[in-house]
2 protein chains.
Amino acid sequence: MSQCKNHQHCIDTAISNALLACQEANVRLTPLREQLLKLIWKSHQPLGAYDLIEMLAEVSERCIAPPTVYRTLNFLLNVGLIHRINSLNAFIGCTDPSTRHPSYFLICTECQTATECHNDSLRQQVSHIGTQTGFRIQQQWLEVLGLCQNCQKL
Amino acid sequence: MSQCKNHQHCIDTAISNALLACQEANVRLTPLREQLLKLIWKSHQPLGAYDLIEMLAEVSERCIAPPTVYRTLNFLLNVGLIHRINSLNAFIGCTDPSTRHPSYFLICTECQTATECHNDSLRQQVSHIGTQTGFRIQQQWLEVLGLCQNCQKL
DNA sequence: AACATTTTCGTTATAATATAACACTATTGT
DNA sequence: ACAATAGTGTTATATTATAACGAAAATGTT
Ligand SMILES: [Zn+2]
Ligand SMILES: [Zn+2]
Ligand SMILES: [Zn+2]
Ligand SMILES: [Zn+2]
């Protein structure tokens with residue numbers, strides 16, 4: 001939770017964003033989907049699918065098998081409510097699901113905090129590369145590993 | 001091989017680059033390592049570890065188990081002779097192992113060709129984000145999925 | 001050459017991540 | 001009430017990756 005003062009606010013915002021996004025997309029935020037999204041938002045650290053399975057088991061007594069979790073994760077990915085961190089096989093909440101955008105993250109190797117990075121110059125630069133090379137961009141991920149400001153001090 | 005006229009030249013260059021890089025780093029390019037690197041350079045498409053195991057079996061009659069291949073892949077990664085495409089769990093040859101650089105790729109979803117992208121403006125832009133946010137960058141990957149020029153025509 | 005040291009490779013077992021296939025239940029629209 | 005669709009449960013299995021340990025090869029030193 002390194003970078004937020006009131007993490008409950010992050011969670012609340014995430015859920016209300018999710019409700020809006022689902023309404024917009026005309027899909028349903030079922031209890032399971034909402035519960036998983038809340039678990040993902042428990043921290044600002046990417047979580048693996050099997051971490052989430054364990055968390056679900058603890059929280060709700062229900063033992064949910066991998067296919068169900070992966071289905072739900074894919075739903076959240078498709079609606080744009082979460083991102084996948086490919087270098088970690090892990091998932092993290094999107095801080096702005098209102099508009100589709102590439103997945104750019106700064107990930108601290110010390111505290112594991114992943115910070116989404118909405119940077120238009122960067123986006124334009126990538127887009128420019130596409131134009132230059134005649135490549136029609138469909139999807140993109142940038143994952144930057146390193147030390148966040150906090151962890152450099154330690 | 002989409003973007004190259006003479007792919008044998010790509011392979012030859014890769015091997016001589018590898019010899020140089022290993023000399024420079026004072027490490028050995030053993031037969032196994034060289035063989036694996038050549039297999040990776042068979043095409044401009046990222047290959048999975050288990051693809052490579054199959055290819056090794058076909059080429060050399062030797063049946064090499066996963067740990068050996070992963071060890072060798074990690075060696076090649078560490079020396080900077082190959083890159084890992086995280087979104088595909090796959091590996092591809094580096095087009096310029098002479099200097100360490102981030103892993104930026106354009107990957108065609110149709111023909112699977114992955115083109116390494118040495119773009120300084122992009123690199124500076126990412127570096128700038130690091131400076132702005134006080135994040136000390138250690139490693140980075142950009143993976144752009146889409147359609148290459150060739151595949152758009154089809 | 002003989003030996004110790006280090007590096008590389010082989011082998012077995014297993015961990016971690018992800019999906020296929022099919023059945024059942026809940027929701028929605030008529 | 002019914003049919004159609006969407007969501008979830010369940011079993012089995014595929015795919016990707018590593019731990020642990022021992023044998024072999026290369027390297028450096030007497
Ligand atoms: Zn927070
Ligand atoms: Zn986002
Ligand atoms: Zn080529
Ligand atoms: Zn490279």
Side-chain angles (χ1 to χ4, degrees), chain A residues 18-19 21-40 45-57 59-79 81-92 112 141 143, chain B residues 18-19 22-23 25-40 45-57 59-79 81-92 112 141 143:
Chain A
L19 288 167
C22 287
Q23 211 159 12
E24 189 69 23
N26 200 32
V27 292
R28 283 188 289 150
L29 191 67
T30 65
L32 177 64
R33 288 165 179 176
E34 184 174 337
Q35 188 173 33
L36 192 64
L37 187 61
K38 277 181 184 159
L39 288 177
I40 290 172
Q45 289 147 15
L47 294 170
Y50 284 78
D51 295 331
L52 291 165
I53 289 175
E54 275 188 35
M55 291 166 80
L56 277 170
V59 169
S60 67
E61 297 299 319
R62 54 206 308 205
C63 189
I64 296 215
T68 302
V69 166
Y70 278 100
R71 248 191 320 241
T72 310
L73 286 169
N74 284 327
F75 169 85
L76 296 172
L77 281 170
N78 287 330
V79 182
L81 296 173
I82 61 173
H83 295 284
R84 183 170 199 276
I85 306 290
N86 289 319
S87 59
L88 300 177
N89 297 329
F91 304 86
I92 190 161
Q112 275 74 52
W141 294 271
E143 299 177 14
Chain B
L19 288 167
C22 287
Q23 211 159 12
N26 200 31
V27 294
R28 282 187 292 152
L29 191 66
T30 64
L32 176 64
R33 289 165 177 174
E34 184 173 338
Q35 189 173 32
L36 192 63
L37 187 61
K38 276 182 186 159
L39 288 177
I40 290 172
Q45 288 146 16
L47 294 170
Y50 284 79
D51 296 331
L52 290 165
I53 289 175
E54 275 188 36
M55 291 165 80
L56 277 169
V59 169
S60 67
E61 297 299 319
R62 55 206 307 206
C63 189
I64 297 215
T68 302
V69 166
Y70 278 100
R71 248 191 320 243
T72 311
L73 286 170
N74 284 327
F75 170 85
L76 296 173
L77 281 170
N78 287 330
V79 183
L81 295 173
I82 62 174
H83 294 285
R84 183 169 198 275
I85 307 289
N86 289 319
S87 58
L88 301 176
N89 297 328
F91 303 85
I92 189 160
Q112 274 74 52
W141 295 272
E143 299 177 14

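Residue numbers start from 1 in every chain, and the chains themselves are labelled A, B, ... in the order their sequence lines are given, proteins ahead of strands. These numbers come from a predicted model, not from an experiment.
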Q) Which comes earlier along DNA chain D counting from the 5' end, the contact point of Asn89(B) or that of Thr30(A), where each point is its nearest nucleotide? A) Thr30(A)
Q: Quickly, which of Ile40(A), Leu37(A), Leu81(A) forms a side-chain contact (heavy atoms from CB on, under 4.5 Å) with Leu73(A)? Name it, please.
A: Ile40(A)
Can you tell me how far [atom2] of [N] sits from [atom1] of [X], to the nearest Å?
| X | N | atom1 | atom2 | result |
| --- | --- | --- | --- | --- |
| Asn26(B) | dT6(C) | CG | P | 16 Å |
| Arg33(B) | dC9(C) | CZ | P | 5 Å |
| Leu29(A) | dG7(D) | CG | P | 11 Å |
| Ile64(B) | dT8(C) | CD1 | P | 15 Å |
| Tyr70(A) | dT10(D) | OH | C1' | 17 Å |
| Ile53(B) | dT16(D) | CD1 | P | 10 Å |
| Leu56(B) | dC9(C) | CG | C1' | 13 Å |
| Gln35(B) | dT8(C) | CD | P | 17 Å |

Q: Take nucleotides 20-29 of chain C nucleotide by nucleotide from the 5' end and write B, S or -, depending on whether a protein heavy atom sits under 4.0 Å from the base, only from the sugar-phosphate, or from neither.
A: B------SS-
Q.
Checking Leu39(B) against Leu47(B) for the side-chain contact (heavy atoms from CB on, under 4.5 Å) test, could you report, in this order, the C-alpha distance in whole Å, the side-chain angles of both residues, the deciding distance, and whether it holds?
A. CA-CA 9 Å; Leu39(B) 288 177; Leu47(B) 294 170; 5.7 Å; no
Q: Flag the pair Thr68(A) / Ile53(A) as yes when at least one side-chain heavy-atom distance between them is below 4.5 Å, and no otherwise.
A: no
Q: For the residue pair Leu36(A) and Ile82(A), establish whether any side-chain heavy-atom pair is separated by less than 4.5 Å.
A: no
**Q.** Per-pair stack call Tyr50(B) and dT16(D), 5.5 Å, 30°
**A.** yes
Q: Using a heavy-atom cut-off of under 4.0 Å over every strand shown, decide if Thr68(B) touches base, sugar-phosphate, or nothing.
A: base
Q: Look only at the side chain of Glu143(B) and the backbone of Asn86(B), and say whether a donor-acceptor pair between them is shorter than 3.5 Å.
A: yes
Q: Could you tell me the separation between the CG atom of Leu52(A) and the CZ atom of Phe91(A), rounded to the nearest 0.5 Å?
A: 8.0 Å
